[in-house]
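Both counts, for ligands and for their atoms, begin at 1 and track the order of listing.
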Amino acid sequence: MQLIHSVSELRQLISQKRSAGARIGFVPTMGALHQGHLSLVQLAQQRCDFVVVSVFVNPLQFGANEDFDIYPRTLGIDANLLSDHDVDVLFSPSPAEVYPASSPVKQLTAGAIGEKFEGESRPGHFDGMLTVVNRLFDIVEPDCVFFGQKDAQQVALVKQMLSEQISSGRRAPIELVVGETTRNESGLALSSRNKFLTAQDMPAALSLSKALFAGEKGSTRQQVLELARAEISPEAKLEYLELVDADSFEPTEPGLTRAALIVAAKVGEVRLIDNVYIDRKS
Ligand code: PAF
């Protein structure tokens, strides 16, 4: 595996690989890698010839009172893990490489979908996320990108951004692949922030996935939400629990469109999100 910090070095290498006919896969991350990221790496390796994983803790997607300063940074461990999994390149740029002072990077706005749910709790988060994802796509120019379902609203926004850019001819086609959420044996969705959960927080943290699994059995919107709500621990400070269309994030009924049952809650000091897709047609 090659560890690359510079945009120009990465571009040169990818351009050589592309000229040799390689299909380029890209897994963007903020590091502190866990099995969920590795499952995306595996998907990328199955579908692509050359796999680039980025580790960049993007300051633009953190609010002033959020956990940017304490977000886990474990580059050495991440590099060993990716090397053990035969990743071709770990791209770990500095903020100055991603956002060079000499040529300002295009700032994106996430629009209506970006203002709901996660966007309401974390104003500006999705603008910062789309800005860095767009910039990373410009740098890597991948054929295929891999995102985890756990961040379902992020997935909807990246899908919308790509569809607008590709249909207007501003970007060459990129296939977006969504990897299923990886869970521990108790059902907790893996997240880099789980390391901040204490043993005491665990029952409340687990109540989120229990709620989703109970809710998905409901056949009407009301039933889905009631079944889910009944499982949420009183120790979890619920921020939202909703059944939405997985693309528009508008409230929906199960069976009408591909739906996502989404939840966010604060457990102890940790803000957790999770979701399940409910696709009654398939
Ligand atoms: O999902 C994440 O880890 C981040 O939002 C991403 C896509 C790497 C952009 O910083």
With heavy-atom distances below 4.0 Å as the criterion, list the atoms of ligand 1 near V132.
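Result: 9 (C), 10 (O).
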Proximal atoms of ligand 1 relative to F147 (non-hydrogen, under 4.0 Å):
7 (C)
Looking only at side chains, do N80 and S83 share a donor and an acceptor under 3.5 Å apart?
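Judged by distance alone, the side chains do not pair up.
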Using the salt bridge (charged side-chain N to carboxylate O under 4.0 Å, His left out) criterion, which residues pair with E235? Sequence neighbours excluded.
none
Polar contacts were defined as any N/O atom of the residue lying under 3.5 Å from an N/O atom of the ligand; does this apply to N58 and ligand 1?
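Between N58 and ligand 1, no N or O pair is found under 3.5 Å apart.
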Consider every N or O of T29 and every N or O of ligand 1, then say whether any pair is closer than 3.5 Å.
no
Pick, from H37, K150, M129, Q61, the option with the minimum heavy-atom distance to atom 4 (C) of ligand 1.
Q61
Quick test: of every protein heavy atom, which one is nearest to atom 1 (O) of ligand 1, and how far off is it to 0.1 Å?
Q154 NE2, 2.8 Å
Identify whether NZ of Lys or CZ of Arg in R47 sits under 6.0 Å from the centre of the six-membered ring of F26 and within 45° of that ring's axis.
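Checked: cation-pi criterion not met.
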Are V89 and V140 co-members of a hydrophobic cluster defined by side-chain heavy atoms under 4.5 Å apart?
yes
Tell me, which pairs form a ring pair (Phe, Tyr, Trp, His ring centres under 6.0 Å) where one or both residues lie in residues 224-268, sequence neighbours left out?
F117-Y240
